[in-house]
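Because the structure is predicted, anything quoted here is derived from the model rather than measured.
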Amino acid sequence: MPQQNPKYYLTTPIYYTNGLPHIGHVYTTIVCDTIRRFKRMRGYDVVMTTGTDEHGVNVERAAQKAGIPESEFVARMAETWKALWDELGIASDEFVRTTDISHVRTVQWLFRLCRDNGYVYKGHYTGQYCIYDNAYVDVKPGENCPDCGRPTETVTEENYFFKLSAFQEPLLDFYKKNPNFIQPETRRREIINFVEGGLKDLSITRTTVRWGIPVPGEEPHVFYVWFDALTSYLSAVGGPEYERRGYWPADVHVVGKDIIRFHTVYWPAFLMAAMLPLPKQVWAHGWFLMDQAKMSKSKGNVVRAKPIVDVLGMDPLRYFLLRDTVFGQDGNFSYDSLVTRYNAELANGLGNLASRTVALIEQSFAGKIPKPARFEQQDDALAKLVQTAIGEILEGYENFSFSRVLEQLWAVIASADKYLTTEKPWALTDSEPDQKRKAAILYTTAELLRVVTALAHPVLPQSTDKIWALLGQQGSAASQHLDGLRWGQLAPSTQLRKSQTLFPRIDKAEALERIEAMANEAEKAPSPAAAPTPTAPGISAAGAAAAPAATEKIGIEDFAKVEMRVGQVKTAERIVGADKLLKLTVDIGTEVRQICAGIAQFYEPESLVGRKVVVVVNLAPRKLRGVESNGMIVAASVGPEGRPVLAGFAEDVEVGARLK
């Protein structure tokens, strides 16, 4: 029986849908994506979860302000978050929406376990509630929240309470036995001090909020958003059937330091009460500061990722965020520093080394990796330096020391530049001794570049794939198993590709002006909740129904742009590793299309074969979980959970007929 790869499960926070993603959200997700790529290159079977937290009073009020139902509001916001991650090239394996039916069932199951074990009781609460942090706070009426400084509201209602007070000693004992559970150490000390100060029982339901997961048989009780949102980490990998999938407990939750208490006090206590395994680690990173102040929309200093990516590309943003900030500490975001690092370390560093190495081999060896006859002492010294760096860099990745990893990688690149400057292969003649020396120099440089490319891939996936191809290597850089990475694996006579500029130098003033202009335009744009949902439910990666169109009027010419035809499903099957997606082949009259539809939770594949459906046929193709979807199945959004119901026909309609 073949040996299975070890499993590894990590999560971002489940992001709240009352606003758009900013650079802090992007940073957390990039960190997780980097860990995910690194672990896969070490042979792990990795699942990374992200998603949207869609319940609570903030969402209820935001939807009312937008004049649309809550289900429609959150569907549009979730689609916006997913679209951004797709556009930024950040792939997750599970995208959880807390309105998903599977998540709802998991929350209700966890509640029953806690109640059956004697840790839940009914009572009344009067106190101050911070709607911004979704937390009850210990302040007097009229006082602001001690965490965020914004106004609190007085709440009086019947609740179900969780006996958090019963877990003070069990939690302290758990922290003692698992000293790495909370990282970094400053956050660990903070949480221990908080728990030692005493824990009060926690309200886990609300009756004054309508928009939430109902407590079965106890309406109008709905679940407190943190009991709801935290459970998404478990619902993403099977919920009540987590043991079957084998990914729980999570290896690491990556969160911002402002929500560390919820993840290291409430969440483990809920799991202890339900007698379920606890996550292995929670890592809390710092905030991104702008001019030494925390980013805040009210302060007007929020940084969005898209303008940066449009001007510089995704990899430079990933590099800057991970290189400029020590993971776990606060970082100061600066557009000026971003462009400076781009030019100095990407354009003049890695990009220059790649282009000049390939160009020199093209000029002297017809674009093929030379076969060295012998190596000199300086060649061996560089090889030894690189081999030592491999182990140190792998250890750095394991410890989430991303800044240190990139510092070491760029030290290796600097060593290569110094080596080339000293050896001067371009100054050697065509004589046989000089050609042999040149072969050794350029083989050494190309091999160093191959190793650096593999090690940098988790941080710079797009750029390193280009360098990997330049070096004539098969597949992508991700195909290099890092545990087997050694010096000397570059095969002589490998045909290189033509050199290209990977990171063209840019004028700083011009780049900053373009980024600022795009950022200003983005802030003026209307909220996604005020515009029609960009995609229909059939292609939602999360399997949730998209919202119906807004009441804004459109012209007939706009409607005419959408080409819809009658299709007939020929085959339907589940996509491995994507619980919510089905892969369909659909006859649309002129051809058979492959379409991914997010309806696996509501339709069995065999029930769809032969069924006639409505297909939008003039959408640009897109990939979902690595599978190309060339079209969209139309469905209605039904109920508060947005359950998709496929559009169909009462009369017999010819396949390929156009809808008007």
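For F181 and H253, the gap between ring centers reaches or exceeds 6.0 Å. Aromatic ring centroids of F327 and W283 lie under 6.0 Å apart. The six-membered or imidazole ring of F262 lies away from that of W267, with a centre-to-centre distance of 6.0 Å or more.
The 12-atom threshold is exceeded at NZ of K257, counting heavy atoms of other residues, nucleotides or ligands nearer than 6.0 Å.
A salt bridge links R37 and D33; the closest N-O separation between the charged side-chain nitrogens and carboxylate oxygens is under 4.0 Å. Salt-bridge annotation for D310 and R304: absent, with no side-chain N of the basic residue lying under 4.0 Å from a carboxylate O of the acidic one. Under the 4.0 Å criterion applied to side-chain N and carboxylate O atoms, D336 and R341 are not assigned as salt-bridge partners. For E362 and K368, the salt-bridge test fails: no basic side-chain N is under 4.0 Å from an acidic carboxylate O. A salt bridge is defined here as a Lys NZ or Arg NE, NH1 or NH2 lying under 4.0 Å from an Asp or Glu carboxylate O, and E398 with R42 meets this definition. For R36 and D93, the salt-bridge test passes: some basic side-chain N is under 4.0 Å from an acidic carboxylate O. Here K82 does not pair with D86 in a salt bridge; the nearest charged N to carboxylate O distance is not below 4.0 Å.
When the ring pair (Phe, Tyr, Trp, His ring centres under 6.0 Å) test is applied to Y16, no partner is found at least two apart in sequence or on another chain. Annotation: ring pair (Phe, Tyr, Trp, His ring centres under 6.0 Å) contacts of F320 (sequence neighbours excluded): F333. Under the rule for a salt bridge (Lys or Arg N to Asp or Glu O under 4.0 Å), the partners of K7 that lie at least two apart in sequence or sit in another chain are D45. A search for ring pair (Phe, Tyr, Trp, His ring centres under 6.0 Å) contacts involving F365 returns nothing, not counting sequence neighbours. Scored by the side chain to side chain donor-acceptor pair (under 3.5 Å) test, Q408 finds E392 as partners (sequence neighbours excluded). In this structure H457 satisfies the ring pair (Phe, Tyr, Trp, His ring centres under 6.0 Å) test with no other residue, sequence neighbours excluded.
The shortest non-hydrogen separation linking A454 to M41 is O-CE, 3.4 Å. Nearest approach of A440 to P372, heavy atoms of both residues: CA-CB, 3.7 Å. Of all non-hydrogen atoms in Q435 and S364, the two that sit nearest each other are NE2-O, 4.1 Å.
In summary, the side chains of Y27 and T325 do not present any donor paired with an acceptor at a separation below 3.5 Å, with no hydrogens or angles considered. Between Y319 and E345, the side chains place a donor N or O and an acceptor N or O closer than 3.5 Å (distance only, hydrogens not considered). A donor and an acceptor atom, one from each side chain of T29 and Y15, are located under 3.5 Å apart.
Atom CG of L10 and atom OG of S92 lie 10.5 Å apart (nearest 0.5 Å).
Paired with L449 under the rule side-chain contact (heavy atoms from CB on, under 4.5 Å), one option of L471, L490, T444 passes, and it is L471. When each of D380, V386, I390, L385 is paired with W487, the side-chain contact (heavy atoms from CB on, under 4.5 Å) condition holds for V386 and for no other.
Between Q363 and L360, the closest side-chain pair of non-hydrogen atoms falls below 4.5 Å. V339 has its side chain within reach of I506: a pair of non-hydrogen atoms, C-beta onward, lies under 4.5 Å apart. When side chains are defined from C-beta on, Y233 counts as touching Y9, because their heavy atoms get closer than 4.5 Å. Side-chain contact check for V26 versus V303: every heavy-atom pair is 4.5 Å or farther apart.
Side-chain N or O atoms of Q281 include one that pairs as donor or acceptor with a backbone N or O of N180 at under 3.5 Å.
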